[in-house]
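Contents: one structure, followed by commentary.
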Protein chains: 2
Amino acid sequence: MAGIEEVAKLAGVSTATVSRALSGRGHVSPASKAKVEEAAALLGYVVSSNASSLASGRTRNVGVVIPFLNRWFFSSVLEGAQQALLRRGYDLTLYNLSGDGRERASVFEHFLLRQRVDAVIAVSLELTEHEVRRLHDLGKPLVGVGGPIPGVRTLTIDDVAVARLATEHLLGLGHRRIAHIGGDLEFDLDFHLPTNRRLGYEAAMREAGVEVEPRFFASADFTIRGGYHAAKQLLGVPHARPTAIFAASDEMAIGTILAVRDLGLSVPRDVSVVGIDDHDLADFFGLTTVAQFPRVQGEQAVEVLMDELEPGLRPPEPEATPLPYELRVRSSTATPPSE
Amino acid sequence: MAGIEEVAKLAGVSTATVSRALSGRGHVSPASKAKVEEAAALLGYVVSSNASSLASGRTRNVGVVIPFLNRWFFSSVLEGAQQALLRRGYDLTLYNLSGDGRERASVFEHFLLRQRVDAVIAVSLELTEHEVRRLHDLGKPLVGVGGPIPGVRTLTIDDVAVARLATEHLLGLGHRRIAHIGGDLEFDLDFHLPTNRRLGYEAAMREAGVEVEPRFFASADFTIRGGYHAAKQLLGVPHARPTAIFAASDEMAIGTILAVRDLGLSVPRDVSVVGIDDHDLADFFGLTTVAQFPRVQGEQAVEVLMDELEPGLRPPEPEATPLPYELRVRSSTATPPSE
DNA sequence: CTGAAAGCGCTAACAC
DNA sequence: GTGTTAGCGCTTTCAG
């Protein structure tokens, strides 16, 4: 393993110049820079990140803490973050907090304390005040994605507004008996998305002067299967069944579509269905949905961190940046049946 | 940030003893050990991984290189690896090679060369001989999951045998017109799974004395949508349409089920469908499939690495360890229609 | 079983 | 613009 000294010798300069030339910090004459780069390439030299980190205090590594890997939203955020980091020469250390809660403490032991990372991205995870403070004391920037963390810069869509938009779309089509499939309460612990989406739904209903009926609400676990069963429940009533269902996620909406079919009904003739996400499968199922852009959220989280890590000129943005979303009308929604 | 020195002072021992007590390397009297641990806890001390790595040459970090994050197989492997590593106090640095191939070179620059990791897990990625050698020269253990890498310990199911099993299941039910949805050729570049599964299918057919008809083959991209379109193609012929379809993945099999329904046919009455994976959704769709266990594959990959990283007593296993798989019969397969 | 001390390979003042 | 040099915080011989 060639070291910096050998490169310096070969290039005919000092190790300090090599370091400067290769890291871009401080000024180096173009001539020296060229020599250094040539020498480094020749020897296949690359800095030892450990030595560099130890000496500089920077690791060029950010930690991503995330509760699921196998769900569309989460893997998309992760993908976006990974790519943005890679582009900037940063590594991504992954902490998947699925499984028991014991892991969580362990993770904080691990990497907060081992100083492996320069910054942390917390996805849909509500950190305790203690955890936040601990990071803060260490001077590690922290940014949240998808779940508001008190006192922390967070990227998240406005769940209330998104749900309202979806509901208003159905109301606009003339629907009045609109049911909602929300998230199980357990999903509300760490990120209040289920509650917020339900609030948006109820607000839109009330504003339109439509009563919110408890029998038009069901909860599920954000999966296709969960949505399927919830929808069957909602549609099972013989009379005055809902003419539309707004599901809090596309996967549940897809489950709903499958349930409608299995009930011998047709989407959108008998029942309109709308979701949230614009999941990979939404287009395939012709699902009308409110799109959000998790990849972009991951990328943007990285950008925010970079502003703090490598201070540029951009003005710091407000604490909770609202993210874009967009209604995508496909073939799962239509005017209600005329009865 | 408390350092090792402060801990040593508080515990009344030398830094060397603190190091030994906390790392478990070398012998320390129980008494000292207790004192050190108490002092460390009191000060909230945790070793700096950089300093430790620099001095010891070990990073307690492994790199995982993986082409997709948003596919069931891959996120499951990742999850398994992550958990197994966490348990052992290792970090996982993620390198997602989706996107352009440029990234790939960059990744090798990054972490091979920055010596960030002690070992590498390559998931469904065929490394070049050069890449393998480079890692080897650096003394970094490398283990593959899901795609055979020449000269490298690899965990993978026997794709030929798995496909044969799925096909034999259909043959055993009396099917003769069995179509196969395989992977696009582009997927074959990095891991030969599509080809191998097709070979297994053909072998089973021939052994049963059934001719393999080209019109009974279609390829897709391993997605539900891809499977759907491929299945429509296969089932579109007016006469002598296949009575069974074996898809090379569950997602394609699910697409097939949806296509069958849309064609006004019924699974399994008109068409039997079998897949490979035992995807989360397989049970929901009543899909008969050959289950594989990607989480376990991820965990096992870690185990293999640990044997090399922290040599224990276990005998090294053969280069290509066959992994378990298992036919799970559900409601998507039945005897063929009697015509 | 424990301590002293020499680095691990780089970066960042500081001088020039 | 470039060289000199003192660490970064730990691990690990080597003595004892």
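Here is how names work: the chains are called A, B, and so on, in the same order as the sequence lines, proteins then strands, and each is numbered from 1. Small disclaimer: the values here were computed from a predicted structure and weren't measured.
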If the condition is side chain to side chain contact (heavy atoms under 4.5 Å, CB included), which residues does B:Ala11 pass it with, not counting sequence neighbours?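 Expected list: B:Val13, B:Lys35, B:Val36, B:Ala39.
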
I'd like to check the side chain to side chain contact (heavy atoms under 4.5 Å, CB included) partners of B:Ala51; sequence neighbours left out, ordered by chain and number.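 Scan of B:Ala51 (side chain to side chain contact (heavy atoms under 4.5 Å, CB included), adjacent residues dropped) gives A:Leu54, B:Ser48.
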
Can you give me the first and the last nucleotide of DNA chain C (5' to 3') that has an atom within less than 4.0 angstrom of a non-hydrogen atom in chain B?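 Contact boundaries, 5' end first: C:dC1 to C:dG9.
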
What does the B/S/- profile of nucleotides 8-16 of chain D look like, 5' to 3', with a 4.0 Å heavy-atom cutoff to protein? BBBBBB---

With sequence neighbours excluded, what pairs up with A:Glu299 under the side-chain hydrogen bond (donor to acceptor under 3.5 Å, both in side chains) test?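 side-chain hydrogen bond (donor to acceptor under 3.5 Å, both in side chains) list for A:Glu299, sorted by chain: empty.
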
So, do A:Leu92 and A:Leu78 sit near enough that their side-chain heavy atoms are less than 4.5 Å apart?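 Yes, close enough: below the 4.5 Å cut-off.
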
Locate the shortest heavy-atom distance separating B:Glu303 from B:Arg88; write the atom from each residue and the value.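 Smallest interatomic distance, heavy atoms only, reads OE2-NH2, 3.2 Å.
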
Which residues satisfy the salt bridge (charged side-chain N to carboxylate O under 4.0 Å, His left out) test with A:Glu6, sequence neighbours excluded?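 Applying salt bridge (charged side-chain N to carboxylate O under 4.0 Å, His left out) to A:Glu6 gives none.
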
Check the pair B:Tyr90, B:Asp118 against side chain to side chain contact (heavy atoms under 4.5 Å, CB included), reporting the backbone distance first and the verdict last. CA-CA 10 Å; B:Tyr90 274 68; B:Asp118 288 340; 4.0 Å; yes

